[in-house]
Amino acid sequence: MKGTIVGILLFAVLPLFAAEPDSSVSTPLDSNAIVESDDSREMTATDYFLWPFSHIFQPALDILIYPFAAPVHYVNENRILEKAEKLAALGPNRNIFLYPTFNLKPGTRTQLGITYRHRNMIFNKDYFVAMAALFVNSDLKFTTRYSKRNLFGSDFVVGGRLDWTLDRNAEMSVPRSFSLFDNDEPFLYTDSTYSAQLRLGHPMPFVCNMDFQIEGGAEHKAFDYPDVEDTVLTDHPKFKPNERGMYQHFYQFPFKFTLTYDNTDAPFVPTRGSRISATWRYAYVTDYHGENVTRRSNDFNHDFQRFDLVAQHYFYLGKDESQYGLSVKEAREFRKFYTDFSWDETLRLWRPENIRNTLLNRRVLAVQFRLSEMWEMENGGAPFSAFPTAGGTYPLRGYTKRFTDYAMKGISLEYRWPIDQLVDGVLFDEYVMYGRHWYSVDGEKMVNSWGFGIRVRKPDLYLFRIQLAFHGFDGFAAICTVAPEFQ
């Protein structure tokens with residue numbers, strides 16, 4: 001973790017030490033010429049400072065990406081992505097996409113699925129998506145959503161969504177504020193929830209790049225005992241399962257109001273700009289019912305409020321006129337560099353004379369801050385499913401377990417660089433802090449994960465990512481999923 005922080009700090013200070021590149025200097029994108037330093041001159045203090053970076057740290061980053069070189073070479077040599085796109089695109093206008101999805105996780109969380117996307121299905125500027133997923137233990141999940149822009153010729157956007165989950169091994173963790181020793185206390189339950197939402201949005205008048213959205217919905221939460229009895233939460237000194245909706249049924253009617261600001265330059269490959277979303281939610285929760293209800297299950301009001309903030313900003317490192325994406329020729333040269341890996345070539349490429357043309361050119365620094373907090377209308381009454389959770393999509397990618405509490409706040413930092421036309425290399429570091437309130441600060445309740453990998457995307461479609469994430473040096477998680485890093 002500390003090594004990652006030092007590396008990020010080096011990213012920031014290197015421009016102060018790197019020599020101004022000569023006009024004759026070119027990168028692998030422009031030509032095969034690499035500026036050679038004069039070995040006969042004496043090393044200065046700056047050279048000694050930069051030597052560990054140019055000879056150890058950055059070459060190590062190239063080595064981390066090297067295991068992906070052979071698959072990338074095979075995919076591009078055989079034009080797999082282009083062929084897959086042609087197979088997935090259907091219809092006379094190629095506005096229909098049908099393709100498989102996947103999410104590889106430990107245990108029963110691994111899933112395979114299929115997705116159907118249809119633009120301009122019924123009306124102009126409408127969008128329909130249907131997804132079905134099958135888990136390795138035969139659990140199922142279905143999602144459909146539909147949206148229509150410029151409703152009746154206006155600026156309104158209307159949308160709806162239906163979800164149905166059949167999960168026999170759903171997992172919850174006792175919120176850390178109730179945990180006996182701030183340890184992970186996971187339990188299983190059966191989830192047969194179905195829900196429906198309807199939303200209406202409109203751009204904010206007189207404010208560019210900002211819109212508001214209201215959403216209402218109805219959810220039927222059906223939680224029951226799992227097949228494995230030793231994972232049942234029967235009692236707890238601080239967290240009473242019968243008063244929190246565990247293994248019980250209830251209806252929930254959420255109402256949401258969202259403000260969004262977005263001036264990013266591309267939806268799936270943003271390189272500049274910001275995206276900020278703030279959501280307030282009030283949920284009316286009915287009394288618990290079902291065969292596992294006790295006389296104390298409905299002693300409290302179950303309603304709750306929740307606030308979620310997501311702030312993202314993308315810094316483009318490079319000349320203003322340069323483009324992040326690679327041309328066919330540039331992609332071929334980058335592909336040759338990663339597939340025909342050479343240590344000497346790496347050392348020459350990352351010498352101080354060339355740092356500005358490599359490390360600080362055509363790169364993206366993506367920063368995300370997230371904050372969530374839940375308030376109970378009556379202390380002790382909100383269902384367990386209302387608590388914010390940090391996990392692989394918060395993101396906290398290095399952990400397979402989850403962190404649950406009243407409040408969560410986290411920050412993620414990603415360094416991205418193109419290695420092919422549709423492929424980016426990624427180095428990331430992220431922190432999450434949990435507690436009773438959003439303003440709580442406790443170093444003992446802060447967790448970290450870091451890692452690296454690749455992400456595959458088109459300008460108008462996110463495809464998938466393959467990454468390795470670590471939490472300190474205590475363990476790791478392998479990620480292979482179609483879900484993007486930043487939700």
Pairwise side-chain contact, S173 with D184, heavy-atom cut-off 4.5 Å (strictly under): yes
Show the atom names and distances, to 0.1 Å, of all donor-acceptor pairs under 3.5 Å that link a side chain in residues 155-164 to residues at least two apart or in another chain.
residue, atom, partner, partner atom, Å
R161, NE, D163, OD1, 3.3
R161, NE, D163, OD2, 2.9
R161, NH2, D163, OD1, 3.3
D163, OD1, T143, OG1, 2.8

Test item: V285 and F304 side chains (from C-beta on) under 4.5 Å apart, heavy atoms: yes
From CG (N150) to CZ (F123), nearest 0.5 Å: 13.0 Å
Distance in Å, Q252 CD paired with S385 OG, rounded so as to fall on 0.5 Å steps: 5.5 Å
Pair D265-T271, side-chain donor/acceptor within less than 3.5 Å: yes
Note: E171-R402 ion pair, threshold 4.0 Å (strictly below): no
Polar side chain donor-acceptor pair, D308 to S372, under 3.5 angstrom: yes
Mutual orientation of the aromatic rings belonging to H220 and H249 [parallel < 30°, tilted 30-60°, perpendicular > 60°]: perpendicular
No-hydrogen, no-angle side-chain donor-acceptor test under 3.5 Å, N93 and N120: no
Distance-minimising heavy-atom pair for D405 and P388: O-CD, 3.0 Å
Residues R416, D424: salt bridge by 4.0 Å N-O rule: no
Worked check of side chain to side chain contact (heavy atoms under 4.5 Å, CB included) between N292 and F223: CA-CA 10 Å; N292 301 316; F223 305 137; over 6 Å; no
Pair Y251 and Y284, ring centroids less than 6.0 Å apart: no
is_close_aromatic(H437, Y406), centroid dist under 6.0 Å: no
Heavy-atom pair of closest approach, residues C480 and F102: SG-CE1, 3.1 Å
Closest contact, heavy atoms only, A469 versus I479: CB-CD1, 4.1 Å
NZ/NE/NH1/NH2 to OD/OE distance under 4.0 Å, E430 and R397: yes
Smallest separation among heavy atoms of L151 and S154, with atom names: O-OG, 2.6 Å
Worked verdict on F255 versus Y282 for ring-ring contact (aromatic ring centres under 6.0 Å, His included): CA-CA 5 Å; F255 174 80; Y282 183 92; 8.9 Å; no
Heavy-atom side-chain proximity of T404 to F384 below 4.5 angstrom: no
Side-chain touch L309/I276, heavy atoms, less than 4.5 angstrom: yes
Ring centre gap for Y288 and F250 strictly below 6.0 Å: yes
From I96 atom CD1 to R119 atom CZ, the distance as rounded to the nearest 0.5 Å: 12.5 Å
Reported CD-to-CG distance for the pair Q111 and L140, which is rounded to 0.5 angstrom: 10.5 Å
Sidechain-backbone polar pair: E376 side chain, G381 backbone, donor-acceptor under 3.5 Å: yes
Check: F257 ring centroid to W280 ring centroid under 6.0 Å: no
Between CD on residue E414 and CZ on residue F452, distance to nearest 0.5 Å: 14.0 Å
Sidechain-backbone polar pair: H471 side chain, N448 backbone, donor-acceptor under 3.5 Å: no
Smallest separation among heavy atoms of Y261 and M210, with atom names: CB-CE, 4.0 Å
Between CD1 on residue I454 and CD1 on residue I466, distance to nearest 0.5 Å: 4.5 Å
Main-chain N/O of L413 paired to D429 side chain as donor or acceptor, under 3.5 Å: no
Under 3.5 Å side-chain donor-acceptor pair for R117 and Y99: yes
Test of ring centre spacing under 6.0 Å for F315 and H313: yes
Distance under 6.0 Å and angle within 45° of ring axis: R272 vs Y314: no
Check ion pair D126-R149 (N to O, under 4.0 angstrom): no
Side chains of N209 and D262 in contact at under 4.5 Å (non-hydrogen atoms): no
Side chain to side chain contact (heavy atoms under 4.5 Å, CB included) evaluation trace for E485 with R465: CA-CA 8 Å; E485 305 93 331; R465 57 187 168 102; 3.7 Å; yes
Audit row: L90, F97, side chain to side chain contact (heavy atoms under 4.5 Å, CB included) steps and yes/no: CA-CA 6 Å; L90 307 172; F97 284 87; over 6 Å; no
Donor on one side chain, acceptor on other, D139 and N137, under 3.5 Å: yes
Sidechain-backbone polar pair: D303 side chain, M377 backbone, donor-acceptor under 3.5 Å: no
Close aromatic pair by centroid cut-off 6.0 Å: Y247 and Y225: yes
Contact check, side chains of R168 and S138, non-hydrogen atoms, under 4.5 Å: yes
Verdict with supporting geometry, I411 and Q368, side chain to side chain contact (heavy atoms under 4.5 Å, CB included): CA-CA 6 Å; I411 187 168; Q368 175 181 251; over 6 Å; no
Test: K256 and E215 ion pair at under 4.0 Å: yes
Closest non-hydrogen atom pair between S195 and E219, with its separation: CB-CG, 3.4 Å
Test item: L112 and L134 side chains (from C-beta on) under 4.5 Å apart, heavy atoms: no
Flag side-chain contact, heavy atom, 4.5 Å: D224 against Y189: no
Expected output: side-chain K409 to main-chain W438 donor-acceptor under 3.5 Å: yes
